[in-house]
Amino acid sequence: MSDQKRLFLVDAYALIFRGYYAFIKNPRINSKGEDTSAIMGFMNSLLDVIKRERPDHLAVCFDKGGSVDRVEMYEEYKANRDETPEGIKTAIPYIHEILKAMHIPIMVKEGYEADDVIGTLSRQAEKEGYKVFMVTPDKDFAQLVTDNIFMYRPVFGGGYETWGIPEVQKKFEVTEPMQVIDFLGMMGDSSDNIPGLPGVGEKTAKKFLAQFGSMEGLLANTDQLKGKMKEKVEANGELGLLSKKLATIMLDVPVEFNAKNFELDHPDVEKVKQIFQDLEFRRLTDNFLKTFAADTTYDVAQTAEKKEAPKSPPKEQKSAGAGQFSLFGGEDVTTTETTSEYTRNTGKTTSHFYQSVASGMATKLFVKNLLNQTSVCFDTETTGLNPLTAELVGIAFSWETGKGFYVPFPEDREDAQLLIEELRPFFENENIEKIGQNLKYDIKVLAKYNVEVKGKLFDTMLAHYLINPDMRHNMDVLAETYLNYTPISITELIGKKGKNQLSMRDVPLDKQTEYAVEDADITLQLKEHFEKELGEANTQKLFNDIEVPLLRVLAAMELEGINLDKDFLNSLSEELNNDIANLEKKIYEAAGEEFNIASPKQLGVILFEKLKLVDKPKKTKTGQYSTAEDVLSYLAKDHDIIQNILDYRGLSKLKSTYVDALPLQVETSTGRVHTDYMQTVAATGRLSSNNPNLQNIPIRTERGRQVRKAFVPRNGDYTLLAADYSQIELRIIAALSEEETMIEAFKNGEDIHASTASRVFNVPISDVTREQRSNAKTVNFGIIYGVSAFGLSNQTTLSRSESKELIDTYYATYPKLRNYIQDQVDFARDNGYVQTVLGRRRYLKDINSRNAVVRGAAERNAVNAPIQGSAADIIKIAMINIHKKLNEGSYKTKMLLQVHDELVFDVYKPELEGLKNLIKTEMENAYQLSVPLDVDLDIGNNWLEAH
DNA sequence: TGCAATGCATA
DNA sequence: GTATGCATTGCAA
């Protein structure tokens, strides 16, 4: 790096706001009741910059009186801004005073914004041969970037990123930083109230820039646009040009860059100390003294550290960190292969032979041929997405790339049944492998026609889930990614969902054939591809021994459904209605007006502006008042209205999400609720449940848990049995880490949290207090989630340092646990993935990120994924084995639900005694660990009693 | 009508 | 601090 002089220009308000909101959760209030968050935040940033960069020239720039020119051009400019928070207004004089004492120049010009001052100064300094760093998080500054002018952006979680020309080009997809102005002018900026072109957002603006280069270029070439967009752009040319002007940072503010004045010299230490003392800053004083410790150090450091002047960060850093704070939605993380985008194949460019099999005679010949195959891909086309009600429209088959057949089905249900009978020998043939994408769906559809799909299965969606669990697994995406092929989209055939959407039945036969057989053909090709890619022995086993067999189990559970007591829920709904109405009345009374309590926005205004319950309301990152549970709970003891609001929220949630929603989900044809288990969404290997989600039925609160009473056995001859693993994740981590102390505790059947507390707090197990056990429990769970002292102190009453101490003691008690955690992180660093006991992998691309926040998240994943995933593996094995036993024994009892560590069964009473043992044994012995697994069984006339 | 943000239910 | 799904609001399209 050259000896070029470096000037740092600090955007004061931006950093003050940022600092203020950084402490918003926990504002700094001193003994005089002053909110010092903004001062603290700003000073931390400033000292941080000085410490890191040791600039030789530095100035801090402020707005004053807003931008006269811009308001003159457009009186709405920044008119939507909220009033500056009180805590910031009061901070400004202090900050000025501190800066003066530090001998740092304050640059302001009445009638100009800091942006303009910084812009002007940076250009002047550049001319004088300086390298300029604009310290601001505000993306608007990107327009000023040149070879010598950089943005120096603070990033969440600490650290900075430098934006030079390449970074700006990448972020905004422009060739010149100046085009950022056009970009902002086109898309507008709601925070500054810059209108922009109506109908143009981020995506369109980028497109226009790529095409026309500038706002003027766009306006001169509107003939190249079409439709509504053309009209809109043409009608709003003026507005566009005005927006561009508003977004342009001025470079001619009457200020002067004076090298001498801007030199960073020694602060008036005594004076600064005095101010800090008045404000009651202790840590900051230390920090300040260290930063400027002995003038000589500063001088030495200045030359020594200059070598590390900010430079364009290397590639990894950009991709690793940028998504976090990008205002443009993380587009940089999921870069897709673009190389072949324009040469992607479709059915039109690829030769194929797809044929429909319409006549009775043709069908007979076709089936004969089909039965001669050893491996066939098939895909059902139906009238809808719900397999319980969907009718077959046709079935496509393919066993050779580029070739396939389509068997259309008659609308008449009896005729359809006759046709499926012809195909039954194929589906029920044990020796023909069946290939498909999301076979669970097809299996369920066919089950409704009484056809069982037998033989080996290959599901391309499941295969890809194991190969790349973080990606999505739609067939369209897979085809594009792995085969460079774009299949006909379903919307092309039946239109967008909503009003005019057709049924597959309404599509002409030739189109149906093209579409359906293409899907089968593509799926077959994907299978060939994935078969090789499944590669590793572990993954193969996982696929063939776990996921594929499980697919049949899940299909059976979903088809079975669970009985729901609608009457009970209806009466519960009425009760809730009453209570909610009462609360509503009380809240409106206290507020003095009626408003929408469910709207956080309106609620915030009532609580914090009208009632002024707090001096310094906490705000969310979008600038709204935060009305989150923890914030309100904190206030609840002082204000009845808050407690009522919390109760109101709880009851409304309960009513709308469960009590009222569940009865609507009862399937009329079966009278039961059929959830859909997603086998390929959770990156750790867990299942997820939806339509409805039966994995999040309330249990913690008395009121909520009533909902469980509505889940009942199918009739009086049955009873519900819930079997759940006790502490399975802790047992797994104990076993994997070989931490003897913990293993012994489990072997002795101890209460693990009490046992942990007894060791950590060094008291006999009988003397462990509730609080000690509770804290131990929190750490135990924290370990599974990849603890940090910060997270722990948020969860407990402990301070950050107490939390740290607790964690240290914990690790001292269970040293091997600590080693295990470190080993997982190291393994992930070396290999890029971690894995479960069965070899299920989770890839962690961010594990070596240079951004500490991003990396930290990956490290926690590295710890958690093997634990959560292994538990998922184990219960999956148990499910497969139990399902098999129930089938083989022709039991009337059915497995109905899985809730991560729990299985729920509808048990035929005469089978109960025998099955209790069977289920417990199968679950506890699903996988052998060095720690025994323990399963609790409960029986009842509803899901609440069975707990 | 679709989407992001917010908030909250579970393991 | 991990992993999910869903109801609601309010804005953009």
Side-chain angles (χ1 to χ4, degrees), chain A residues 187-188 190 196 198-204 228-229 232 329 469 496-499 596-604 620-632 646 649-658 660-662 665 675-678 681-701 703-705 707-708 724-725 727-729 733 778-796 803 807 821 842 853 856-869 871-872 875 897-902:
Chain A
M187 71 170 273
S190 56
V200 176
E202 185 207 324
K203 291 272 150 42
T204 316
K228 270 262 179 309
M229 185 57 83
K232 277 198 209 161
K496 285 227 188 280
K497 70 170 163 188
K499 34 185 174 127
N596 184 349
I597 306 169
S599 163
K601 202 172 169 180
Q602 295 182 30
L603 179 62
T620 65
K621 52 179 175 272
T622 49
Q624 308 288 327
Y625 296 107
S626 170
T627 59
E629 217 264 340
D630 57 327
V631 178
L632 294 191
L646 288 172
R649 268 196 191 162
L651 297 187
S652 317
K653 161 90 179 173
L654 201 58
K655 186 167 176 321
S656 66
T657 310
Y658 304 104
D660 289 351
L662 283 171
Q665 300 270 6
T675 186
D676 191 3
Y677 287 104
M678 301 276 120
V681 299
T684 50
R686 275 191 179 180
L687 298 177
S688 84
S689 151
N690 65 20
N691 295 311
N693 181 354
L694 296 186
Q695 291 181 323
N696 74 343
I697 303 301
I699 192 162
R700 289 192 236 263
T701 65
R703 217 55 205 270
R705 103 171 42 115
V707 175
R708 294 196 170 220
D724 64 287
Y725 283 107
Q727 309 292 0
I728 187 168
E729 296 190 340
I733 201 169
T778 312
V779 189
N780 275 334
F781 277 104
I783 293 294
I784 294 169
Y785 298 150
V787 260
S788 71
F790 179 74
L792 186 60
S793 69
N794 275 347
Q795 283 277 310
T796 59
S803 298
I807 292 173
I821 288 170
R842 171 143 190 207
V853 178
E859 287 171 357
R860 291 192 294 276
N861 282 324
V863 178
N864 175 258
I867 310 298
Q868 197 184 108
I875 197 168
L897 304 177
Q898 189 252 41
V899 191
H900 307 308
D901 65 358
E902 170 187 5

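Below, read A as the first sequence line, B as the second, and so on, with proteins coming before strands; counting in each chain starts at 1. Computed from a predicted structure; not experimentally measured.
- Look at A:R686 and you won't find any side-chain N or O under 4.0 angstrom from OP1 or OP2 of C:dT4.
- Residue A:V681 is in sugar-phosphate contact alone, with no base atom involved, counting any heavy-atom pair closer than 4.0 Å across all strands shown.
- Residue A:A865 is out of contact with every strand shown, counting any heavy-atom pair closer than 4.0 Å.
- Of all nucleotides listed (C:dG1, C:dT4, B:dA9), C:dT4 comes nearest to the side chain of A:S688.
- Residue A:T657 has its side chain nearest to C:dA7 when only B:dT10, C:dA7, C:dA3 are considered.
- Residue A:L654 comes nearest to A:G704 through the heavy atom pair CD1-CA, 3.6 Å, listed as atom of the first residue, atom of the second, then distance.
- Among the atoms of the strands shown, none is found under 4.0 Å from any heavy atom of A:I867.
- To the nearest angstrom, C1' of B:dG7 lies 15 Å from CG of A:L651.
- Distance from the side chain of A:A661 is smallest for C:dA7 among the nucleotides B:dA11, C:dA7, B:dA9.
- When rounded to the nearest whole Å, the span between CZ of A:F781 and C1' of C:dA3 equals 14 Å.
- Residue A:N861 places at least one side-chain N or O closer than 4.0 Å to OP1 or OP2 of C:dA3.
- With sequence neighbours left out, the salt bridge (Lys or Arg N to Asp or Glu O under 4.0 Å) criterion links A:R686 to A:E729.
- Summarising the geometry, the separation between OH on A:Y677 and P on B:dT10 is reported as 16 Å, rounded to the nearest angstrom.
- Between A:L654 atom CG and B:dT10 atom C1' there is a gap of 13 Å when expressed in whole angstrom units.
- A pairwise comparison of heavy atoms in A:N864 and A:I784 identifies ND2-O, 3.0 Å as the closest pair.
- Looking at heavy-atom distances under 4.0 Å, A:S689 makes contact with sugar-phosphate atoms alone, never a base.
- Taking every side-chain heavy atom of A:R649 into account, B:dC8 is the closest of C:dG1, B:dC8, B:dT10.
- Nearest heavy-atom pair across A:A661 and A:S656 is CB-O, 3.4 Å.
- Phosphate proximity of C:dA7 to A:S656: absent, as no side-chain N or O sits under 4.0 Å from OP1 or OP2.
- Remark: A:A857 engages A:R860 in a side-chain contact (heavy atoms from CB on, under 4.5 Å) (not counting sequence neighbours).
- With C:dC6, B:dC8, C:dT4 as the choices, the nucleotide that has an atom nearest any side-chain atom of A:N691 turns out to be C:dC6.
- In this structure, A:L694 places its CG atom 14 Å from C1' of B:dA11, rounding to the nearest Å.
- Proximity note for A:R860 (side chain, C-beta onward) versus C:dC6, B:dT10, C:dT2: the nearest is C:dT2.
- Distances were taken from every side-chain heavy atom of A:Y658 (C-beta onward) to each of C:dG5, B:dA11, B:dA9; the shortest belongs to B:dA9.
- Using a 4.0 Å heavy-atom distance criterion, A:T675 is classed as making no nucleic acid contact.
- Considering only side-chain atoms of A:N693, the nucleotide from C:dT2, C:dG5, B:dT10 that sits closest is C:dG5.
- Listed nucleotides: B:dG7, B:dA9, C:dG5. Nearest to the side chain of A:M678: C:dG5.
- Within the 4.0 angstrom heavy-atom criterion, only backbone atoms of the sugar-phosphate kind lie near A:R842; the bases stay farther away.
- Between A:R700 and the phosphate of B:dT10, there is a side-chain N or O to OP1/OP2 separation shorter than 4.0 Å.
- Closest heavy-atom contact between A:I783 and A:V863: O-CG1, 3.6 Å.
- One can place CG of A:D901 at 17 Å from P of C:dA3, the figure rounded to the nearest angstrom.
- Here the C1' atom of nucleotide C:dA3 and the CD atom of A:Q868 are 4 Å apart, to the nearest Å.
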